[in-house]
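Since this is a predicted model, take the numbers as computed values, not measurements. One-based numbering along the sequence shown. All ligand and atom numbering here is 1-based and tracks the order in the structure.
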Amino acid sequence: MPASVGAPRQMLRRLREVMAEHESAQARLDKVVMLIASNIVAEVCSLYLRRRDGSLELVATEGLNVEAVHNTHLKPGEGLVGLVAEQAEPKQFADAQHHPAFSYRPETGEEIYHSFVGVPILRGGHTIGVLTVQNRTMRQYSDEEVEALQTTAMVIAETLASGGIISDEVTAETRREATARFTGVPISEGVALGHVVLHEPRIVVTRLIAEDVELERKRLQQAIEELTGQIDTMMERGDLARAGEHHEVLEAFRMFAHDHGWRRRLDEALGTGLTAEAAVQRVRNDTRARMLRMPDQRFRDRLHDIDDLSNRLLRFLSGGTETAATGDLPEDAIVVARTMGPAELLDYDRQRLRGLVLEEGGANSHVAIVARALGLAAITQCKGALETVEPGDAAILDAEGGELHLRPTQELVSAYVDKVQFRARRQAQYAALRDVPAVTLDGQRIGLNINAGLLFDLPHLDQSGADGIGLFRTELQFMISATFPRLEQQMRLYRSILDSAGDRPVVFRSLDVGGDKVIPYFRAGAEENPALGWRAIRMALDRPALFRTQIRALLRAAQGRELQVMLPMISEVAELRTARELIDKEVMLLKRHGRPEPSKLMVGAMIEVPALLWQLDSLLPLTDFVSVGSNDLVQFLFAADRGNDRVSERFDVLSPPVLRALRQIVEAAARHETPLTLCGEMAGRPLEAMTVIGLGFRSISMAPASVGPIKAMVLSLDAGKLGQRLDALLAGDETSLREDLKRFAAENGVQV
Ligand code: PEP
Ligand code: MG
């Protein structure tokens with residue numbers, strides 16, 4: 001083997017050439033093993049590939065009996081070859097035949113060979129085959145020799161994967177063909193049939209063998225510097241949500257990026273003649289293989305970090321750092337991501353987007369809200385999907401049942417086509433309710449409004465038959481812009497919204513940024529707890545020019561029409577007062593310039609900070625309306641980050657503490673005759689919306705797609721009867737009332 005140590009590159013290059021020759025697959029494989037054996041001065045070199053049933057088949061050999069080819073199969077874990085495959089790491093034995101795992105196969109004639117070294121052929125951390133070398137003498141193979149063999153195995157793996165070399169019956173990796181099913185939590189209902197797009201494209205390494213090792217070393221060094229620089233900047237800037245990262249993830253990146261072991265392994269891989277890209281790929285495969293075998297789930301979770309980090313590094317090396325949004329999308333894209341920020345989702349061409357699959361993130365996170373606004377089928381917490389999907393895979397996303405089917409069978413596709421048709425019929429039934437007033441069985445008129453944030457939301461107002469826009473999230477315009485939208489631009493958007501809404505009311509919420517809503521061009525500085533930090537009205541009051549510009553734009557857009565402005569994240573009465581003063585100043589300015597004023601100006605507050613619960617009697621007289629932001633209110637009541645899926649679903653919104661808080665608000669609003677609504681995500685879920693109405697809310701605001709189902713629920717509900725049931729339930733001490741409320745709905749024929 002020593003011949004290979006100094007110069008494996010020529011061999012690798014030759015190996016690639018052989019693989020690309022116009023010969024039968026078998027002939028090429030035969031040449032491959034011959035080439036390796038001759039280069040490394042070994043008597044035997046054999047190649048085993050994994051079959052669909054998991055067994056390893058001898059597919060080519062130099063040195064063993066040729067009759068054994070395709071006849072020798074080792075069950076998973078059987079023999080030394082099985083051991084290498086199972087443990088996914090190199091193994092060597094000076095006296096192989098006396099190893100307890102040795103499995104004697106007379107047809108191979110291997111009894112005369114004593115020393116053995118086997119290395120796994122890895123793809124995505126999974127063993128797809130084993131490459132072995134044997135010698136007659138009892139010898140010890142050096143680390144360099146084993147390393148060179150691993151590199152050879154990698155080149156074989158990449159060449160197999162890039163297609164062509166292996167015919168079906170000789171079989172290599174079959175993951176691409178296998179169907180797979182994953183479960184997740186629905187974010188936005190819908191069923192999508194389409195094709196997978198990876199939000200962060202994986203770089204396919206095509207250039208494997210280095211022309212100039214020193215040059216590759218420099219390229220890698222530079223890419224690592226750029227990568228660590230990017231991570232440091234992201235951490236400093238607090239640009240976490242935009243990049244879709246959590247602090248913890250970035251910390252893990254940073255740890256890996258500075259890890260000496262990782263860098264040393266990269267260096268060793270480079271030393272065997274690989275390009276920088278191939279070295280990254282090789283180390284990623286080895287690390288993945290090691291981590292996949294670790295029993296502790298925490299290590300396995302770190303797989304993502306290694307993948308992400310390697311991907312980023314590969315993107316730096318290839319010069320492409322964009323997400324898939326900027327590339328060519330199929331007509332029916334189902335985007336799969338570990339996580340992403342709301343603005344990143346908005347970067348995609350809406351016409352081509354069918355679905356969104358996230359591995360992490362809560363169902364009330366802002367990216368989830370944007371997904372709902374876009375009417376995408378979307379699920380989150382779909383663990384393991386990223387590891388299995390290949391770009392371009394056919395997929396069915398069932399965001400009703402919370403399932404992702406990859407590479408579905410024809411039968412499954414047919415079943416889902418039926419389901420899609422069924423959904424379309426149900427949508428038609430909802431559409432038929434469009435002009436039916438939302439009145440409960442006991443005669444309560446319920447205002448059903450939509451949440452919106454961009455111009456493309458507006459057609460939903462007509463389609464859904466909603467009463468108005470209960471929450472217009474003005475920050476979305478800011479989040480998708482490259483720079484601060486100027487007064488003119490803001491005004492234009494608000495005017496178009498009011499024009500389209502006609503005489504239906506629109507509630508414009510003033511800029512609510514901070515937390516996970518990041519404006520890329522506005523650096524606010526890193527915060528330990530951004531959800532509790534400098535955001536929304538706090539930012540507006542500290543930077544009054546920003547706030548006043550927005551108010552000016554709203555006032556000018558609304559001339560002669562009613563204008564409703566809602567202030568987010570109010571925590572104390574003084575904030576409302578100060579904000580009102582700023583608004584009044586803008587009104588004065590308008591008057592002074594003789595510009596037309598809105599016909600009516602109403603200023604409201606969001607109730608989403610728990611402290612307001614004990615200030616309602618002083619707050620409500622100062623407001624024209626209030627709206628409960630239940631997403632934030634619940635996050636703060638339970639101290640559970642809405643964007644963190646470990647905790648976001650931990651506490652039930654249908655639990656006494658939340659419902660008692662809501663009832664307290666209903667009672668206070670009634671005392672002060674203040675118009676009240678609720679615009680958090682719970683308003684769009686039938687069982688939750690039913691409960692809210694049972695508590696006394698007579699107006700709610702939701703994602704447009706929810707209006708139909710919610711109206712159907714309202715039409716089948718006796719609000720008074722539910723109110724009585726809730727009185728009784730809230731007097732008890734149950735942790736969650738969900739089951740009781742479901743029972744109420746079932747007993748009373750409420751459509752939830
Ligand atoms: C809320 O917090 O419930 C809300 C409606 O506002 P956002 O989701 O935009 O924070
Ligand atoms: Mg909020």
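Atom CG of L487 sits about 10.0 Å away from atom CG of L554, to the nearest 0.5 Å. The CD atom of Q490 lies 3.5 Å from the CZ atom of F478; values are rounded to the nearest 0.5 Å.
Q550 and T474 share a donor-acceptor pair across their side chains, judged by distance under 3.5 Å alone. With hydrogens and angles left out, the side-chain atoms of S571 and R538 include a donor and acceptor closer than 3.5 Å.
Heavy-atom neighbours of R445 CZ from other residues, nucleotides or ligands within 6.0 Å: above the threshold of 12.
Applying the ring pair (Phe, Tyr, Trp, His ring centres under 6.0 Å) test to every pair with at least one member in residues 687-713, sequence neighbours left out, gives no pairs at all. Within the structure, ring pair (Phe, Tyr, Trp, His ring centres under 6.0 Å) contacts touching residues 643-663 (residues at least two apart or in different chains) are F638-F651.
Within the protein, the N, O or S atoms lying under 2.8 Å from the Mg ion (ligand 2) are E608 OE1, D632 OD2.
Between L386 and V357, every side-chain heavy-atom pair lies at or beyond the 4.5 Å cut-off.
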Quick one: do R725 and D740 satisfy salt bridge (Lys or Arg N to Asp or Glu O under 4.0 Å)? Show the steps, please. CA-CA 9 Å; R725 178 71 66 91; D740 299 284; over 6 Å; no
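Near ligand 1, H366, I369, L471, R473, R509, D512, K517, M606, E608, G629, S630, N631, D632, R642, C679, G680 each place a heavy atom less than 4.0 angstrom from the ligand.
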